[in-house]
Amino acid sequence: MRRRRGPLGLALGVSFLFWALLVWALGWADDPLRFLVLSGAWTGIAAALLGWPKGMLAPLASLAVAAPALARQPLLVFASQALFLLGLALVGSGLGFALRKGSSRRQLHRQLERSYGEEVFENSLNILHVIDREGNVVRRNRRSLELLGWPHRRSLHVTEYVHPQHLDEFRLELERLFERGELRDLRVRFLTESKHSLPVEVQARRVTGRFAVLEARDLSDLQKLEYELHQMQARYRCVIEAGLDTLDLGLILVDAKGEVLWANLAVSRFFGLDRDQWFGHHALQLMERISMVLEEGEAFYRRVREIYQAGLSEEGLVVQVRPGKGREERVLQYRSLPLATRDYKGGRVDYFADITPLKRLEAELREQKRLLEEANERLKAFNAALSHQLRNPARSALGRLHLVLSQADGALPPQAREDLENAKRCLERMDRMIEDLNRYAKMRLDPSQFEPVDLNRLLAEVREDLGPALARAELRVAADLPVVFGRPRLLAELFANLLHNAVKFNDKDTPVVEVGWRPHRADAYLFWVRDNGPGIPGEYLEKIFQLFERLDTTKEGTGAGLAICRRIVEEHGGRIWAESQPGQGATFYFTLPRQPVRRGVENDAR
């Protein structure tokens with residue numbers, strides 16, 4: 001504003017002189033109306049230009065010019081002219097002040113905008129160039145100096161910093177920029193002053209018909225990350241492919257177009273083909289080639305084509321590979337699953353599982369089953385023959401001994417009678433052993449025929465049946481025995497054998513026998529029968545469950561009781577064992593099912 005005050009004052013002075021000469025030359029000073037119009041125009045303009053308060057000098061100057069003529073006029077006319085000029089000067093001064101204030105605000109805004117734009121241009125993190133149509137950079141920012149070099153040059157040409165391989169493309173895009181007004185996402189390489197390549201992404205906008213602003217983002221760090229990511233993905237893919245190649249499972253990946261994306265080494269090994277030759281081919285062509293080495297290959301190919309076309313899955317199609325060059329005879333299970341995940345849809349996974357060992361095992365098991373069934377039939381026949389051929393003569397001999405001993409009462413010598421009595425006892429024991437062996441061999445249970453058994457009622461019946469055998473014993477039975485599944489008659493025999501043995505082999509005056517239980521796992525109960533007898537040596541804890549094994553030969557019995565107990569428990573799907581310390585009694589543990597189960601399910605009760 002200070003620079004403009006000198007010319008403004010000179011202009012006002014010259015205009016004042018011209019106005020004064022015009023007023024006197026034309027004689028308008030004596031004409032109040034004409035003087036008022038001309039002086040009012042000059043006063044208003046001068047007051048607006050000078051502003052407040054200097055603008056108030058303009059009416060005084062106007063009145064001073066025409067003072068001699070005004071002095072001759074009536075006082076009322078002079079006063080009205082003076083008031084008019086003063087009012088006009090006041091309005092003009094106010095208007096000038098408002099205009100100058102608005103102008104100063106706009107000027108301030110322009111200065112701030114220029115200063116802010118300059119700051120952004122220079123401190124931008126990207127390269128900024130002001131470029132013309134010919135490719136001359138007329139201005140560049142600080143980031144351009146740092147990345148490209150040439151720090152002492154404010155201008156460049158595109159031939160100096162654009163890589164030669166991208167120069168023609170860049171020039172073509174530069175022409176399109178000035179035609180269309182905008183350039184987006186152009187990836188090129190710049191050359192630095194030291195001839196190093198700098199990958200950038202270019203955006204540009206035309207500012208005028210001659211100039212445009214170009215922004216280039218440095219992609220060096222981004223490309224480095226992309227390269228590292230690519231390397232990492234390649235390593236992971238190699239690891240995954242190497243892992244899949246070790247599987248004994250033929251795997252084929254099919255993309256959304258139905259082409260073979262990848263296959264592992266097992267495919268080559270199973271079918272005697274080169275997997276690499278089939279990458280990129282349609283999967284149905286590969287399947288047709290595979291069908292040529294299969295038994296009933298045409299049916300296999302028809303099924304595969306059907307599921308491919310309908311987008312179906314195949315859960316388990318068994319095929320057989322014919323032996324030939326580069327392949328062995330195999331039995332494979334084919335499965336095909338379409339891919340329909342959130343990230344990928346349209347492809348499918350085909351794989352062939354080698355079930356040859358399983359099929360061989362099945363054949364062996366069928367053969368073993370056949371042999372076992374034959375052995376069982378022979379065993380049944382042997383058992384029947386044993387029962388008939390041995391038991392009948394033994395009973396016949398036993399009957400004759402009874403007859404001899406009863407008819408020769410008092411006639412036999414004492415020694416002869418004693419020998420005959422011993423022979424009778426041996427024959428009776430032999431008869432019981434044959435009966436126990438027959439029962440042991442025939443014991444086979446079907447779990448589907450198991451029924452709920454209330455052990456509280458069962459134990460009450462067993463105690464009643466044993467009667468005198470438990471008379472001298474103190475029997476402690478848990479009051480809340482559970483309900484199990486099984487055959488009531490056999491379970492009663494199990495408890496009766498264990499209770500009878502606990503009293504029979506007890507050396508105490510008052511045998512104490514305890515029957516208890518607790519839950520065991522989710523499908524069984526654990527029971528025990530504990531006594532206070534002499535105990536069992538550790539080396540006999542397993543041996544006592546063998547058939548006809550007797551630990552105390554002074555007691556009556558065949559030695560088959562515990563063997564039958566084991567057979568009953570195992571047929572119910574449980575397990576039985578004994579724990580003891582000599583002199584501290586013995587405890588027999590066994591498990592029974594809460595519900596019907598297959599035999600052999602309970603294999604570890606400890």
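Values below: every heavy atom of this structure, side chains too, minus hydrogens, waters and symmetry copies. This structure is a prediction, so every number in the text was calculated from the model and none was measured.
Ring-centre distance between F495 and F588: not below the 6.0 Å cut-off.
Using modelled atom types and a 3.5 Å distance limit, the side chains of S144 and H129 yield a donor-acceptor pair. With 3.5 Å as the limit, one finds a donor-acceptor pair spanning the side chains of T356 and D354.
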>> Let's go through D218 and S220 carefully: what are the C-alpha distance in whole Å and the side-chain angles of both, what is the deciding distance for side chain to side chain donor-acceptor pair (under 3.5 Å) to 0.1 Å, and is it a yes or a no?
In response: CA-CA 6 Å; D218 181 12; S220 301; 2.8 Å; yes
> Going through the distances and angles, do E374 and R370 end up as a salt bridge (Lys or Arg N to Asp or Glu O under 4.0 Å)?
Replying inline: CA-CA 6 Å; E374 292 179 359; R370 185 185 66 80; 2.6 Å; yes
> Hey, mind stepping through R143 and E146 against salt bridge (Lys or Arg N to Asp or Glu O under 4.0 Å) and telling me if it holds?
Replying inline: CA-CA 5 Å; R143 188 62 171 168; E146 294 173 356; 3.2 Å; yes
>> Using the rule given for side chain to side chain contact (heavy atoms under 4.5 Å, CB included), can you reason through I127 versus L198, listing the C-alpha separation, both sets of side-chain angles and the distance that settles it, and then say yes or no?
In response: CA-CA 12 Å; I127 296 173; L198 181 70; 4.3 Å; yes
>> The test is salt bridge (Lys or Arg N to Asp or Glu O under 4.0 Å); show your working for E315 and R335 and say whether it passes.
In response: CA-CA 5 Å; E315 295 298 332; R335 299 188 68 185; 2.5 Å; yes
> Between K369 and L365, does a side chain to side chain contact (heavy atoms under 4.5 Å, CB included) hold up when you go through it step by step?
Replying inline: CA-CA 6 Å; K369 180 181 178 182; L365 289 176; over 6 Å; no
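Distance alone, capped at 3.5 Å, is enough to place a donor-acceptor pair between the N264 side chain and the L249 backbone. A donor-acceptor pair under 3.5 Å is absent between the side-chain atoms of T192 and the main chain of G149, judged by distance alone. Proximity of a side-chain donor or acceptor of D132 to a complementary backbone N or O of R210 within less than 3.5 Å is not detected. With hydrogens and angles ignored, the 3.5 Å screen pairs no side-chain donor or acceptor of W528 with any backbone N or O of E514. Side-chain atoms of H520 do not come within 3.5 Å of backbone N or O of F527 as any donor-acceptor pair. A donor-acceptor pair under 3.5 Å is formed between the side chain of R133 and the backbone N or O of G209. Between the side chain of S268 and the main chain of R275, a donor-acceptor pair closer than 3.5 Å is present. A donor-acceptor contact shorter than 3.5 Å is absent between the side chain of R348 and the backbone of L339. D531 places no side-chain N or O within donor-acceptor distance of the main-chain N or O of G585, the cut-off being under 3.5 Å. Counting only distance, with no hydrogens or angles, the side chain of N141 and the backbone of L128 share a donor-acceptor pair below 3.5 Å.
For the pair N123 and R142, the minimum side-chain heavy-atom distance is below 4.5 Å. In this structure the side chain of H572 reaches within 4.5 angstrom of the side chain of L491, judged on heavy atoms. Taking the side chain as every heavy atom from C-beta outward, M287 and I252 approach each other to under 4.5 Å. By the 4.5 Å heavy-atom criterion applied to side chains, L191 and P164 are counted as neighbours. I131 is listed as a side-chain neighbour of V158, based on a closest heavy-atom distance under 4.5 Å. Side-chain atoms of Y301 and L284, non-hydrogen and from C-beta on, do get closer than 4.5 Å to each other. By the 4.5 Å heavy-atom criterion applied to side chains, E215 and V213 are not counted as neighbours. Inter-residue side-chain proximity for W517 and L455 is flagged as unmet; no heavy-atom pair is nearer than 4.5 Å.
Closest of all the heavy-atom pairs between R322 and E295 is CG-OE2, 3.0 Å. A pairwise comparison of heavy atoms in Y525 and V483 identifies CE1-O, 3.6 Å as the closest pair. The shortest non-hydrogen separation linking G486 to V453 is O-CG2, 3.8 Å. Shortest non-hydrogen contact noted between W278 and R289 is CZ2-CG, 3.6 Å. Closest approach of S313 to L337, counting heavy atoms only: CB-CD2, 4.0 Å. For the pair P151 and E193, the tightest heavy-atom approach, listed with the atom from each and the gap, is CD-OE1, 3.8 Å.
Classification of R153 and E160 as a salt-bridged pair holds, one side-chain N sitting under 4.0 Å from a carboxylate O. Between E542 and R566 there is a salt bridge, since a side-chain N of the basic residue sits under 4.0 Å from a carboxylate O of the acidic one. With salt bridges taken as basic N to acidic carboxylate O contacts below 4.0 Å, one links R205 and E182. Checked for salt-bridge contact, E306 and R302 miss the test: no charged N lies under 4.0 Å from a carboxylate O.
By the neighbour-count criterion of 12 heavy atoms within 6.0 Å, atom CG of D221 is sparsely surrounded, having that number or fewer from other residues, nucleotides or ligands. Heavy atoms of other residues, nucleotides or ligands lying less than 6.0 angstrom from CG of L125 number 12 at most. At most 12 heavy atoms of other shown residues, nucleotides or ligands fall within 6.0 angstrom of atom CD in E298. No more than 12 heavy atoms of other residues, nucleotides or ligands lie within 6.0 Å of CD in E296, so this atom counts as exposed by the packing criterion. Counted within 6.0 Å of CD on E169, heavy atoms from surrounding residues, nucleotides or ligands total more than 12; the atom is thus considered enclosed.
Expressed to the nearest 0.5 Å, how far CD of Q320 lies from CG of L332 amounts to 9.5 Å. The OG atom of S155 sits 12.5 Å away from atom CZ of R139, with the distance rounded to the nearest 0.5 Å. Here the SG-CG distance, from C565 to L498, works out to 4.5 Å after rounding to the nearest 0.5 Å. Here CZ of R171 is found 11.0 Å from CD of E134. Values are rounded to the nearest 0.5 Å. I568 CD1 to L562 CG: the interatomic distance, rounded to the nearest 0.5 Å, is 11.0 Å. S336 OG to R303 CZ: the interatomic distance, rounded to the nearest 0.5 Å, is 9.5 Å.
Annotation: ring pair (Phe, Tyr, Trp, His ring centres under 6.0 Å) contacts involving residues 201-233, sequence neighbours excluded, are absent. Under the ring pair (Phe, Tyr, Trp, His ring centres under 6.0 Å) criterion, the residue pairs touching residues 302-334 are F300-Y334, Y334-F352, with sequence neighbours excluded. Pairs passing the ring pair (Phe, Tyr, Trp, His ring centres under 6.0 Å) check and including a residue from residues 174-208, sequence neighbours excluded, read Y161-F190.
With sequence neighbours excluded, no residue forms a salt bridge (charged side-chain N to carboxylate O under 4.0 Å, His left out) with D454. Residues passing the salt bridge (charged side-chain N to carboxylate O under 4.0 Å, His left out) test with R187 are E201, sequence neighbours excluded. For the salt bridge (charged side-chain N to carboxylate O under 4.0 Å, His left out) test, no residue two or more places apart in sequence or in another chain qualifies with R189.
Judged by the 6.0 Å and 45° rule, R327 forms no cation-pi pair with F270.
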